[in-house]
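Since the structure comes first, as structure tokens, the remarks are kept for the end.
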Amino acid sequence: MNDAPTSTGFDYRVRVNRRARRARITVNHNGEVVVVLPRPLAERAIRELVAGHHAWIIARQAELAERLAGLPPQLGLQPPQIDLRALDEQWTVAYAVDLGRRRWRACRQSKHLQLRTAPGDPETRAGLQAWLQERARAILPLWLEQISERLGLICTGVSIRAQKTRWGSCSSNGRINLNRNLLFLPAELVEYLLVHELCHLREPNHSPRYWQQVENVLPDYRQRDRALRDAVAEVPLWARPGG
């Protein structure tokens, strides 16, 4: 990675991703311009690429700024409070706290989170996500285990990830992946997702027989499934993976 000014007045960050099929430009939630390349390019070529997208970058930054302005503070990039609905927890957040080398410090008893960054610092989002990852690792595998024992369906392992498009998945070898952002959803939706993935241990498909298994556990699964499809709106901007 490196930072470099362009003749258009933009600052941009270069990231080489060898799995990328072509060069592309993104603007993340902070309005930062990121140039993604499948292989290293000469600096002049990168500047020309950015300059060629000048109008699009301006429009995208304006769009993001308007979107941020319309969000409730707790759903933005520097929340004063974090609501983990799955756990019925409300955390207050303090910034610019002297924590030495630590990125964050959390007090479970008072539900208070301290971050070693100031509002507006790009590291703020990274610190919040690191705390969320640890909280999810402490909660979701145990929750899954409790339901799996009740159903008699035991998985081979659990991974907690920052998945972009899925709330969870079950691999062919019986390992279940869970999205850490489940903590922002109502508990009944998390329960449904856990049951959904566990039932895939017996039926690795979405056949009528599979859905019958889900219905045997949760007769109202259809309503929960519909609610889960729209639940991404419950996830704060800072917690969403990617740009």
Could you go through Leu84 and Phe184, starting from their C-alpha distance and side-chain angles, then the distance that decides it, and tell me whether this counts as side-chain contact (heavy atoms from CB on, under 4.5 Å)? CA-CA 5 Å; Leu84 300 181; Phe184 295 108; 3.8 Å; yes

Of Tyr210, Trp167, Trp211, which meets side-chain hydrogen bond (donor to acceptor under 3.5 Å, both in side chains) against His196? Tyr210

To the closest 0.5 Å, what do you measure between CD (Glu48) and CD (Glu43)? 10.5 Å

Gly152 versus Arg202, closest heavy-atom pair with distance: O-NH2, 4.3 Å

Going by salt bridge (Lys or Arg N to Asp or Glu O under 4.0 Å), name the pairs with one or both residues in residues 139-151, residues two or more places apart or in two chains. Arg150-Glu191

Would Leu201 and Thr156 count as a side-chain contact (heavy atoms from CB on, under 4.5 Å) if you check the C-alpha gap in whole Å, the side-chain angles of each, and the deciding distance to 0.1 Å? CA-CA 10 Å; Leu201 295 172; Thr156 60; over 6 Å; no

Does some side-chain heavy atom of Ile82 sit less than 4.5 Å from a side-chain heavy atom of Pro236? no

Pick out which of Leu218, Leu185, Val217 makes a side-chain contact (heavy atoms from CB on, under 4.5 Å) with Tyr192. Leu218

Working to the nearest 0.5 angstrom, can you tell me the gap between Leu87 CG and Arg135 CZ? 5.5 Å

As an exercise, state the distance from CD of Gln114 to CG of Asp98, rounded to the nearest 0.5 Å. 10.0 Å

Should Val34 and Trp238 be counted in the same cluster of Ile, Leu, Val, Met, Phe, Trp and Tyr side chains packed under 4.5 Å apart? no

Looking at Leu113 and Trp131, what are the two nearest heavy atoms and their distance? CD1-CD1, 3.6 Å

4.5 Å side-chain heavy-atom contact, Trp56 and Ile25: yes

Quick check for you: to the nearest 0.5 Å, what is the distance between Leu37 atom CG and Ile46 atom CD1? 5.0 Å

Atom CG in Leu128, atom CH2 in Trp91: separation rounded to 0.5 Å? 12.0 Å

Going only through I, L, V, M, F, W and Y residues with side-chain contacts under 4.5 Å, is there a path from Ile154 to Val158? no

Smallest separation among heavy atoms of Gln90 and Asp88, with atom names: NE2-OD1, 3.7 Å

Under the side-chain contact (heavy atoms from CB on, under 4.5 Å) criterion, do Cys155 and Glu197 qualify, and how do the steps go? CA-CA 10 Å; Cys155 64; Glu197 300 306 336; over 6 Å; no

Backbone N/O of Arg85 and side chain of Asp83: donor-acceptor pair under 3.5 Å: no

Which heavy atom of Tyr95 sits nearest a heavy atom of Pro79, and at what distance? OH-O, 2.6 Å

Decide yes or no on salt bridge (Lys or Arg N to Asp or Glu O under 4.0 Å) for Arg224 and Glu188, but give the supporting numbers first. CA-CA 7 Å; Arg224 300 196 198 199; Glu188 60 268 22; over 6 Å; no

Does some side-chain heavy atom of Ile139 sit less than 4.5 Å from a side-chain heavy atom of Leu182? no

Answer yes if Ile57 and Val36 sit in the same cluster of Ile, Leu, Val, Met, Phe, Trp and Tyr residues linked by side chain heavy atoms under 4.5 Å apart, and no otherwise. no

Could you tell me which non-hydrogen atom of Thr124 sits nearest to which non-hydrogen atom of Leu77, and how far apart they are? CG2-O, 4.1 Å

Do Leu194 and Leu178 have side chains that approach each other closer than 4.5 Å (heavy atoms only, starting at C-beta)? yes

What is the distance from atom CG of Asp220 to atom CD of Glu215, rounded to the nearest 0.5 Å? 9.5 Å

Given the rule that I, L, V, M, F, W and Y join up when any side-chain heavy atoms are under 4.5 Å apart, are Ile58 and Val50 in one cluster? yes

Any side-chain heavy atom of Leu140 within less than 4.5 Å of one from Val190? yes

Going by chain and number, the hydrophobic cluster around Leu99 (ILVMFWY, side chain to side chain under 4.5 Å) further includes Val97

Residue pairs, two or more places apart or on separate chains, that pass salt bridge (Lys or Arg N to Asp or Glu O under 4.0 Å) and touch residues 166-184: none

Could you go through the side-chain contact (heavy atoms from CB on, under 4.5 Å) check for Arg240 and Lys164 one step at a time? CA-CA 7 Å; Arg240 301 184 187 187; Lys164 289 185 178 181; over 6 Å; no

Does Glu89 have more than 12 heavy atoms from other residues, nucleotides or ligands lying within 6.0 Å of its CD? yes

Salt bridge Asp230-Arg226, side-chain N to carboxylate O under 4.0 Å: no

Which heavy atom of Asn181 sits nearest a heavy atom of Ala239, and at what distance? ND2-O, 3.2 Å

